[in-house]
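Working notes for the structure below.
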Amino acid sequence: MKEQLHALEQEALEKVKDAENLQDIQAVQVAYLGRKGSITEVLRGMGKLSKEERPVIGELANKVRTAIKAAIDAKKEKIEQVELEQQLQKEAIDVTLPGRPVHIGGKHILTSIIEEIEDLFIGLGYEVREGPEVETDYFNFEALNLPKGHPARDMQDSFYITNELLLRTHTSPVQARTMQSLDGNEPIRMICPGKVYRRDNDDATHSHQFTQIEGLYVDKNVRMSDLKGTLNLFAKKIFGEDREIRLRPSFFPFTEPSVEMDISCKVCAGEGCSVCKHTGWIEILGAGMVHPKVLEMAGYDPHEYTGFAFGMGPDRIAMLKYGIDDIRRFYTDDIRFLKQFHEA
Ligand SMILES: [Zn+2]
């Protein structure tokens, strides 16, 4: 029986050594240590042994069992280790592969123009103010010297929400709000950019939504020459140092006197061409000295304070600067159009 056990041990250890995977190992375990395994079979025959032999054989059988079990466990661990390594190798990520490109957006051309103009005026000591796009009739019209029934209101037909609430037709109400918030005793230097709305029929030069930037400067001794100097600087910084400006008399209800500012045509340098309709000049913005009545309504004493205001359309400025032929291009979100200006 001793020899039988030793032979089984040798045989089992040999098979463990030859096992190549977990199934092989499992088979060895069942064949030798299982309930119907060879070692178990041998132990069943112990009943036939003498009293003296039984513990000796029993001890040996246990030793053999333990040895085989230990060999099986060690081999199992080794195989698992190898299989894990193989799996890791199979699933490894090649970090040297090129990645998928990420599309980075850019600023809308109108945002870029507005920021360029903001930077210019911030440099002149102006602050940027914003106001609501849904505005009251009072701030949109009345506080700007446009009482109910004033004929100039017809030029700015809007989208009314109620009789007293509308989508603002210009950014001027931000000026009125700023002036009224200061109790008439502080100088003001501000610009207010933003979206405005008018009930226009959309075509190449009209859009029911567009952008505006207005500026306001109120202080003691502000003169028309200050306005002209500021506008001249603006025109040269935005359109080029070689541009000239001219002021023409105009009318706005909230300024007196009022002017329109033209810049010299870039295409013909003032000679006259189809772009400037053969005048040599291109209209850019409206401006003027703040109407005394507007100052008074905002709580400023017009005998002590004066000021100037101007308003321009970033849409129009972008169209002139980049030769864009249709205002609707800004709002129809054609990525092919917008992409051209991401480097601008
Ligand atoms: Zn021209």
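Just follow the structure's listing: the first ligand is 1, and inside any ligand the first atom is 1. Because the structure is predicted, anything quoted here is derived from the model rather than measured.
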Inset, instruction - Treat each ILVMFWY residue as a node, draw an edge where side-chain heavy atoms are under 4.5 Å apart, and state whether Ile213 and Leu285 are in one component. - result: yes

Legend entry - Residues Asp137 and Arg153 bridged, charged N to O under 4.0 Å: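 So Asp137 pairs with Arg153 through a salt bridge.
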
Inset, instruction - Decide, yes or no, whether a salt bridge links Arg246 with Glu244 under the criterion of side-chain N to carboxylate O below 4.0 Å. - result: no

Legend entry - Whether over 12 other heavy atoms sit under 6.0 Å from Lys321 NZ: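 Atom NZ in Lys321 is packed in, count exceeds 12.
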
Inset, instruction - Could you count the protein N, O or S atoms found under 2.8 Å away from the Zn ion (ligand 1)? - result: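 Total protein N/O/S atoms under 2.8 Å from the Zn ion (ligand 1): 4.
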
Legend entry - Test: Arg198 cationic atom under 6.0 Å from Phe210 six-membered ring centre, within 45° of axis: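 So Arg198 doesn't make the cation-pi contact.
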
Legend entry - Among Phe254, Phe252, Tyr217, the one residue meeting ring pair (Phe, Tyr, Trp, His ring centres under 6.0 Å) with Phe308: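 Among Phe254, Phe252, Tyr217, the one meeting ring pair (Phe, Tyr, Trp, His ring centres under 6.0 Å) with Phe308 is Tyr217.
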
